[in-house]
Amino acid sequence: MSRMHRNGPIALLFHTLVVGFVLAPLVVICLVAFTPANTLTLPTTQVSLRWFAAVFEHPDFVASFLNSLWVAAIAATIAVVLAVAAGLALDRYDFRGRAALNALFLSPLMIPHLVLGVALLRLFALLGATGSLVWLTAGHIVVVAPYVLRLVLAALSGLDRSAEQAAVTLGASSWIVFRRITVPMILPGITGGWLLAFINSFDELTMSIFITSPATVTLPVRMYMYATESIDPMMAAVSALMIAVTAAAMLLLDRIFGLDKILVGQG
Amino acid sequence: MGFLTLDGLTKRYGEAAAVSDVSLGVAKGEFISLLGPSGCGKTTTLQMIAGLVEPSAGRITLDGRDITHEKPDRRGLGIVFQSYALFPHMTVAQNVSFGLEMRKVPRAERDTRVKQALALVQLAALADRYPRQLSGGQRQRVAVARALVIDPPVLLLDEPLSNLDAKLREEMQFELRGIQRRVGTTTIMVTHDQSEALSMSDRVVVMEQGRIMQVDAPYRLYESPATPFISTFVGKMNRLPGVWRQGGIEAGGRLLPCDGAGLAEGAAAVLAIRPEKIGLTAPGGGVIDGCIKARFFLGSAWFFTVETSAGLVGVSLPNAGAEPACEGEAVGLAWSSASAKAGRPEGVLSA
Ligand SMILES: Nc1ncnc2c1ncn2[C@@H]1O[C@H](COP(=O)(O)OP(=O)(O)O)[C@@H](O)[C@H]1O
Ligand SMILES: [Mg+2]
């Protein structure tokens with residue numbers, strides 16, 4: 001008997017088309033970034049780094065890039081802390097309002113960022129809190145925390161509680177059980193959540209437009225502002241940089257934990 | 001009383017009692033099995049001893065000290081979980097060392113004790129592996145080493161062998177018992193496998209629906225089961241209904257010899273006899289005749305079901321190297337009256 005092939009030629013073609021469709025624009029924008037010309041064209045005869053240089057000659061772009069990095073890193077980290085605490089409560093305890101709390105924690109996924117942006121703008125104005133990086137980050141935490149919570153909850157529900165019980169009977173206090181057993185066992189969920197949160201915060205535009213001030217413009221907002229006036233290959237260079245940052249984060253996590261384990265679930 | 005005593009231990013979940021009024025004394029160094037069908041409250045009992053489940057009522061004392069409400073991390077008992085519950089992110093050595101770290105044992109002593117514990121379970125060579133790199137039997141032994149390394153006064157095992165395949169399970173029965181003998185730790189093992197309980201324990205505690213039904217040495221449990229349920233749960237038992245007459249039970253038109261103290265003449269009764277206590281003879285040579293309906297070869301023994309006028313009777317014969325009677329053959333069944341016992345149909349019944 002011949003073995004069945006899991007991927008027939010049609011399936012293979014389909015996969016190739018899907019991957020090509022997803023990757024093609026990214027590849028094109030990265031190539032365009034190396035053009036020596038003044039318009040968005042593919043470099044044909046020679047490659048140039050002039051548009052990358054141009055990015056770094058725009059201090060506002062550099063500042064926005066750093067803003068975005070900071071906001072994303074801090075929002076993702078705080079979201080992880082909140083999500084682990086909330087996840088433990090939701091997973092371990094049956095209390096009144098548990099379902100409501102779960103829905104509340106996940107609602108930012110359902111609310112359009114546009115609405116959230118307008119609402120936060122009003123709120124911050126009432127609080128007199130506009131224009132600060134702190135409040136911008138707070139907005140981002142609201143948006144990204146649900147992603148982390150999802151992954152943390154999935155990791156917690158797959159956790160073998162008897163390992164924690166074993167640690168307790170071996171003499172571990174609750175804090176030690178949490179730190180040495182629970183956290184390491186859900187670490188793939190935590191890091192995966194952090195990564196998703198970071199990426200989502202890093203390219204969040206719709207909400208940020210409303211709640212950034214001139215001093216706290218994030219990179220996507222800066223690009224948007226710039227692109228409304230002119231489109232030149234510098235946009236491609238910035239895009240290429242953004243792709244590079246995201247890819248670097250992915251690679252790093254893959255090296256440390258194995259990405260398929262994080263994104264597909266516990267291995 | 002005992003080294004470890006349970007006194008009226010009860011656990012209720014809402015209305016239902018998972019464990020009711022369990023009292024038991026365990027001597028130092030003893031190996032006790034809690035045996036019973038799934039859902040009868042064995043794990044709950046074990047977890048109350050461990051402190052992982054809070055009893056609804058009753059008392060637990062260890063070496064004269066009341067530990068009923070002591071926190072599990074203070075009891076210092078060793079536990080092996082059914083799933084082994086190894087820490088997946090730690091190596092074998094780190095798993096075993098964890099309990100010693102919690103006890104703030106100095107590094108050097110920790111290392112020696114981990115080595116000793118791993119040597120005890122014959123895993124010294126795998127100290128740096130992770131649990132996912134081990135076979136089921138090896139994981140099981142890591143779990144045992146991890147529980148024993150802290151020198152617990154009592155070792156609690158929850159179905160420790162149920163995840164192993166049959167061959168390995170048999171080997172581990174001997175190995176686990178051997179380890180327990182060498183270390184001398186008082187041990188309570190939960191199991192639903194009667195052969196495991198019989199072969200490993202000093203005493204077996206049979207539980208049914210949250211209650212203790214009988215506590216006895218394996219041999220006595222097998223020979224004198226306290227209830228009909230135990231007689232069929234522990235080993236196989238033929239039960240032939242009939243009427244008590246002087247010297248035996250009348251069933252299927254025959255007087256079947258058996259022991260029947262305390263029964264009134266003419267009372268309804270049940271004869272109970274183990275399959276291996278019955279011999280096959282030529283027709284007319286035994287106490288009742290029958291016809292072999294089915295024959296199973298079990299390797300070390302043959303098992304027959306024989307149709308008689310008193311009902312279906314199971315007969316087990318050791319494999320003596322020659323092929324015995326075939327299906328369809330007429331045979332006689334023989335037994336001595338001392339190996340069969342009669343009792344009231346619903347009541348206490350022994351073999
Ligand atoms: N946390 C719990 N909540 C409600 N009922 C439970 C709980 N734990 C066990 N039970 C019930 O208690 C009974 C005994 O369970 P268990 O001790 O696990 O049985 P065993 O280990 O003998 O199979 C079962 O009927 C089970 O459904
Ligand atoms: Mg159980």
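Note on naming: letters A, B, ... go to the chains in the order of the sequence lines (proteins, then strands), and numbering restarts at 1 for each one.
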Original post:
Do A/Val168 and B/Met102 have side chains that get closer than 4.5 Å, going by heavy atoms?
Top reply: no
**OP:** Examine whether an atom of B/Ile150 lies under 4.5 Å from a heavy atom of chain A, and if so say whether it belongs to the side chain, the backbone or both; otherwise answer neither.
**Re:** side chain
**OP:** Counting only heavy atoms closer than 4.5 Å, note whether B/Leu156 contacts chain A via side chain, backbone, both or neither.
**Re:** neither
Donor-acceptor pairs, chain A vs chain B, cutoff 3.5 Å:
residue  : atom : partner  : partner atom : Å
A/Asp160 : OD2  : B/Ser83  : OG           : 3.3
A/Ser162 : OG   : B/Ser83  : OG           : 3.0
A/Leu170 : O    : B/Arg103 : NH1          : 2.8
A/Arg180 : O    : B/His89  : NE2          : 2.8
A/Arg180 : NH1  : B/Glu101 : OE1          : 2.7
A/Arg180 : NH2  : B/Glu101 : OE1          : 3.4

Original post:
With sequence neighbours left out, what residues match A/Val245 under side-chain contact (heavy atoms from CB on, under 4.5 Å)?
Top reply: A/Phe65, A/Leu69, A/Phe198, A/Phe202
Original post:
Which pair of heavy atoms, one from B/Phe98 and one from A/Ala167, lies closest together, and at what distance?
Top reply: CE2-CB, 3.8 Å
Original post:
Are there more than 12 heavy atoms of other residues, nucleotides or ligands under 6.0 Å from atom CZ of A/Phe95?
Top reply: yes
